[in-house]
Undergrad: 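Let me begin by handing over the structure; questions about it come next.
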Amino acid sequence: MSDKAILEINGEKHELPLVKGTENELAIDIKSLRSSTGGVITIDPGYKNTGSCESAITFLNGEKGILRYRGYSIEELAEKADFLEVAYLLIFGELPTEQQLDKFHSDIKSHALVDEDVKKILDAFPKAAHPMGVLSSLTSALTAFNPSSVDVSSEEDMYNAIVRILGKFPVLVAWTMRKKQGLPLEYGDDSLGYVENVLKMMFKNPNNPYVQNPILVDALNKLLILHADHEQNCSTSTVRITGSSHAGLFVSLSAGISALWGPLHGGANQAVLEMLEAIKADGGDTKKYMAKAKDKEDPFRLMGFGHRVYKNFDPRARIIKKAADEVLGDLGIDDPVLDIAKGLEKEALEDQYFVDRKLYPNVDFYSGIIYRAMGIPVEMFTVMFALGRLPGWIAQWREMRMKKEPIGRPRQLYVGETYRPFKPLSKR
Ligand code: CMC
């Protein structure tokens, strides 16, 4: 097989090298395109065909429904691993030894306190504020309290910034929820595992000691692992491109949180539950909503369905659907919304519109049902996604900085007015 692609522009041939990934995926390297063609660029709105980087973190094959972190399958990690182990794996490339994991966790715990003044910023938000907006602002504000996290010229500086945010972020997550609920702001408990600590900080009632429920710990551990990375999606690309200007880690993450918030991305988990509730309130007529989703005049989309990359099945959705059944069963909850979700899925999988467009349930379709069963308010669902995605964003940001990638700066094809002389106000 040739290792070059030939591009012909106006009768002139240009050779472009082909590069191959470790899973035999092919890419045309267009780094020299502009210089060799005298300024020709490629155009690809939504970057559907554009690789923005070479990455060794996550492998995703949308046709075959494969997702692997650093070579390990998502199915195995969700079943056997702990979230913090997965975080270490994503960020540093290998599963940690017991000693490495202990050190990692203890470094995270030693940086888990958040400056008390951050509470004043939180206090200034109205209670009605969406927790994603609050989280994005507080994450950005952390930079002011930890200025040393910005200049990461050594690996040690980078490590310190990473353990700081892994320690402080769950505190912010818990605080955004507690503020909304009018509860006192809790700090963590160093005797607990990372996931147990998150649950305690979120749910501890001021009047009672918090008792861990292993079903909730397992469910959250699994959900966080399933969300931990997904290669160059919208929020991750945002983190990488923000960080490529050498803005600090925390503000890069804050930008990623904002990108995740949108309903076409992480915000879909909230939108799914709201949609299922609306269908239930409307008498549970799934056929009516299927018809709306297919009607091109109707802006309604079946939230939690479809994916830019998965054109077979989202492997995370399969695991989450099974977990939803188990968690609700274990907790003794009978949620009619789960039945509506299953009914919609069944209809969509048999419907020509969805079959033709290869639209399957994605990670967000069933996750909200589990979050709700855990007692997490709907507006917090995307925040939980952010908590899971944190190690992936960090890993991608670290990879980008370690590889000394150039600042992200796409080109454009200008289609506006050509030159025209300025018209004074009196003549317009
Ligand atoms: N309901 C109805 N029609 C849909 C849907 C849907 N959920 N998703 C895609 N389509 C149709 C779309 O109208 C288009 O039809 P046509 O070819 O006739 O114009 C076709 O399928 C292709 O859709 P697209 O919008 O060009 O595909 P995309 O790759 O740009 O968008 C997506 C992917 C995830 C944004 C989209 O499927 C969607 O909006 N889904 C609902 C929101 C959602 O669940 N998002 C979570 C994504 S997974 C987690 C994450 O990324 O955070």
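Source: prediction; values computed, not measured. Atoms within each ligand, like the ligands themselves, are counted from 1 in listed order.
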Undergrad: With ring pair (Phe, Tyr, Trp, His ring centres under 6.0 Å) as the test, pick out the partner of Phe104 among Tyr194, Phe83, Tyr88.
TA: Tyr88
Undergrad: Should we say atom NZ of Lys322 is surrounded by more than 12 heavy atoms from elsewhere, each under 6.0 Å from it?
TA: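 No, NZ of Lys322 has 12 or fewer neighbouring heavy atoms, counting only those of other groups under 6.0 Å.
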Undergrad: Do any pairs count as a salt bridge (Lys or Arg N to Asp or Glu O under 4.0 Å) and have a residue in residues 165-183, sequence neighbours left out, and if so which ones?
TA: Asp123-Lys179, Arg178-Glu186, Lys180-Glu379
Undergrad: Might you list the protein residues in contact with ligand 1, defined as having a heavy atom under 4.0 Å from one of its atoms, sorted by chain and number?
TA: Lys48, Pro263, Leu264, His265, Gly266, Ala268, Ala293, Lys296, Arg301, Leu302, Met303, Gly304, Phe305, Gly306, His307, Arg308, Tyr353, Arg357, Leu359, Asn362, Val363, Asp364, Phe385
Undergrad: I'd like to know if the side chain of Glu23 pairs up with that of Asn61 as donor and acceptor (distance under 3.5 Å, no hydrogens or angles considered).
TA: no
Undergrad: Does a side chain donor of either Glu399 or Ser55 reach within less than 3.5 Å of an acceptor in the other side chain?
TA: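 The criterion, which ignores hydrogens and geometry beyond distance, is satisfied for Ser55 and Glu399.
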Undergrad: Give a yes-or-no answer on whether the side chains of Glu347 and Thr286 include a donor-acceptor pair shorter than 3.5 Å.
TA: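 Judged by distance alone, the side chains do pair up.
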